[in-house]
There are 2 protein chains.
Amino acid sequence: MASTNGLRDRRRRQTRRDIHAAALWLAREHGFDKITVDMISAEAGVSPRTFFNYFPNKEAAVLPGPTELPEGLAAQFITRGAAHPREVLADLTQLLVRDLADNAPQRQEMHAVFALTRSHPALLAAMLARFDSFQRSIAEAVAQRLEQRPDGEVPTLLAALALTAMRTGLERWACEESQSEADDSPVPYVERSAELLRTLLTP
Amino acid sequence: MASTNGLRDRRRRQTRRDIHAAALWLAREHGFDKITVDMISAEAGVSPRTFFNYFPNKEAAVLPGPTELPEGLAAQFITRGAAHPREVLADLTQLLVRDLADNAPQRQEMHAVFALTRSHPALLAAMLARFDSFQRSIAEAVAQRLEQRPDGEVPTLLAALALTAMRTGLERWACEESQSEADDSPVPYVERSAELLRTLLTP
DNA sequence: GTAGAACTTGCAGAGTGTGCAACAATTCCT
DNA sequence: AGGAATTGTTGCACACTCTGCAAGTTCTAC
């Protein structure tokens with residue numbers, strides 16, 4: 001019975017955060033390919049063996065959180081029922097925006113991650129794989145809503161469109177110089193990309 | 001002076017093909033994570049050290065050919081000059097279709113590769129990285145044509161759209177049962193996806 | 001034909017990632 | 001509270017990946 005707030009689980013989450021923080025800090029400091037799992041574990045205060053209990057590899061330790069569509073948001077999206085693809089896409093954008101608002105990613109961290117992926121192909125590949133997994137979970141939700149197969153063309157393409165908007169918006173936000181401390185949200189950037197994507201395809 | 005048709009270069013190309021063929025064959029037979037570089041090299045008749053002279057890792061050996069927009073096609077595309085994004089996108093589709101027609105990928109091989117990526121995350125990540133690199137080279141061509149920055153939003157989004165169409169079309173083609181031997185081209189599939197992408201957003 | 005360039009190979013070594021088993025800590029139940 | 005069951009940590013051994021270096025070999029060019 002894995003309670004979500006027992007001592008054990010709190011420590012587990014903390015350890016995970018510690019390892020991630022250590023990995024990201026070291027990678028920014030020395031470059032991703034100049035650090036080892038031994039270094040990261042030492043910095044995080046665990047054994048190298050424990051590192052692999054939390055992350056399957058070095059890449060996963062550097063990249064932030066899980067990449068799956070939250071259950072609740074997906075259900076809410078699905079039950080709206082079939083509609084014209086344009087409307088479904090608009091809902092998808094709303095969905096992603098809400099997810100972003102909930103998760104509240106840190107600009108500093110995102111900036112670091114994107115910068116790292118630019119010079120380290122292995123890290124880029126890992127991040128792309130995460131986006132792809134996220135995209136698949138979106139496609140599945142779309143398929144359920146439209147009552148089609150999850151690997152059908154329409155769900156796949158709609159998910160790709162929505163995720164492309166989110167990806168480019170996020171990246172743009174992360175690369176921007178942080179000016180205002182208060183309203184530091186990627187949401188406007190994602191909405192802007194989604195809007196641009198829409199206008200690009202309509203005459 | 002690296003001539004393109006001396007004995008040396010012909011042998012080099014052949015060796016590369018041999019290693020790739022061995023890697024793909026073994027991966028299909030035993031699964032990607034059940035084979036080692038030693039096995040592949042043995043099958044291809046080279047030393048393990050030589051394997052790494054041709055490919056940076058196991059993933060690259062399994063995946064087919066280089067993934068960059070050919071110089072010639074890109075130049076032809078760029079010199080058409082600025083136009084409405086819709087038209088640029090249409091030209092991009094033409095570009096990709098022509099590239100596919102030139103490269104003439106084998107359905108059998110593509111089918112095997114896509115199937116492998118489905119069960120082997122490392123391979124999927126590597127393939128996504130290749131598509132991403134391809135997408136970047138497309139974005140660069142678009143940027144040159146529109147006289148914008150290569151990492152600008154419009155070139156990025158247009159490249160993403162074009163490549164999404166190609167990717168889903170290709171995958172669909174690869175998964176289809178091969179019926180007609182003669183006209184076995186992915187082109188109609190890619191065009192279909194591009195068309196679908198276009199109509200999805202227009203009321 | 002010979003000098004130099006390019007390719008292959010073996011070897012040594014650092015690093016990744018996994019299975020296993022012992023040990024330690026928490027949680028559960030009474 | 002106390003003992004059993006569960007879960008987490010760690011060390012160890014081991015297979016595998018990938019790189020630099022230094023031969024040795026094969027092709028190319030003049």
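Lettering follows sequence order; numbering is per chain, from 1.
For the OP1/OP2 pair of C/dC7 and a distance below 4.0 Å, the side-chain nitrogens and oxygens of B/Tyr54 include no atom meeting the criterion. Taking only side-chain nitrogens and oxygens, A/Thr50 never comes nearer than 4.0 Å to OP1 or OP2 of D/dT9.
For B/Gln106, the CD atom sits in a loose shell: 12 or fewer heavy atoms of surrounding residues, nucleotides or ligands are nearer than 6.0 Å. The environment of A/Arg17 atom CZ is dense: over 12 non-hydrogen atoms of other residues, nucleotides or ligands sit within 6.0 angstrom. Heavy atoms from other residues, nucleotides or ligands lying under 6.0 Å from CZ of A/Arg11 number 12 at most.
The CG-P distance, from A/Asp9 to C/dT26, rounds to 13 Å in whole Å. If you take CG of A/Asp38 and C1' of C/dG13, they are 15 Å apart, rounded to a whole angstrom. Rounded to an integer number of Å, the gap from A/Asn53 CG to C/dG17 C1' is 12 Å. Atom-to-atom, CE of A/Met39 to C1' of C/dG15 comes out at 12 Å; the value is rounded to the nearest Å. Following rounding to the nearest Å, B/Arg16 (CZ) and C/dC7 (C1') show an atom-to-atom distance of 15 Å. A straight line from CZ of A/Arg13 to P of D/dG8 spans 12 Å, rounded to a whole angstrom. In this structure, CD of A/Gln14 is placed 16 Å from P of D/dG8, rounded to the nearest angstrom.
Of all heavy-atom pairs between B/Glu176 and B/Tyr189, the closest is CG-OH, 3.4 Å.
Between D/dC27, D/dT17, D/dG8, one nucleotide has an atom nearer to the side chain of B/Thr36 than all others, and that is D/dT17. With distances taken from any side-chain atom of A/Arg12 to the nucleotides C/dT8, D/dT26, D/dG8, the minimum falls on D/dG8.
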Please tabulate, for side-chain N and O atoms in residues 139-157 of chain A, each donor-acceptor pair with protein atoms closer than 3.5 Å (sequence neighbours left out).
unit_1   : atom_1 : unit_2   : atom_2 : d
A/Arg145 : NE     : A/Gly81  : O      : 2.6
A/Arg145 : NH1    : A/Phe77  : O      : 3.4
A/Arg145 : NH1    : A/Asp91  : OD2    : 2.9
A/Arg145 : NH2    : A/Gly81  : O      : 3.2
A/Arg145 : NH2    : A/Asp91  : OD2    : 3.0
A/Arg149 : NH2    : A/Asp151 : OD1    : 3.3
A/Arg149 : NH2    : A/Asp151 : OD2    : 3.1
A/Glu153 : OE1    : B/Arg192 : NH2    : 2.4
A/Thr156 : OG1    : A/Gly152 : O      : 2.6

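Both B/Ser47 and A/Arg11 lie near DNA chain C, and the one whose nearest nucleotide falls closer to the 5' end is B/Ser47.
Between the side chains of A/Thr67 and A/Ser133, no donor-acceptor pair is found at a separation under 3.5 Å. Inspection of the B/His111 and B/Glu171 side chains reveals no N or O donor paired with an N or O acceptor under 3.5 Å.
For the pair B/Arg12 and B/Tyr54, the distance from NZ or CZ to the six-membered ring centre is under 6.0 Å and the angle to the ring normal is within 45 degrees.
Residues of residues 18-29 of chain B that place a heavy atom closer than 4.0 Å to DNA chain D do not occur.
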Set out, line by line, the N/O atom pairs under 3.5 Å between protein and nucleotides 18-25 of chain D.
unit_1 : atom_1 : unit_2  : atom_2 : d
D/dG20 : N7     : B/Arg49 : NH2    : 2.9
D/dG20 : O6     : B/Arg49 : NE     : 2.6

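Using a cutoff of 4.0 Å between basic side-chain nitrogens and carboxylate oxygens, B/Asp132 and B/Arg136 are scored as salt-bridged.
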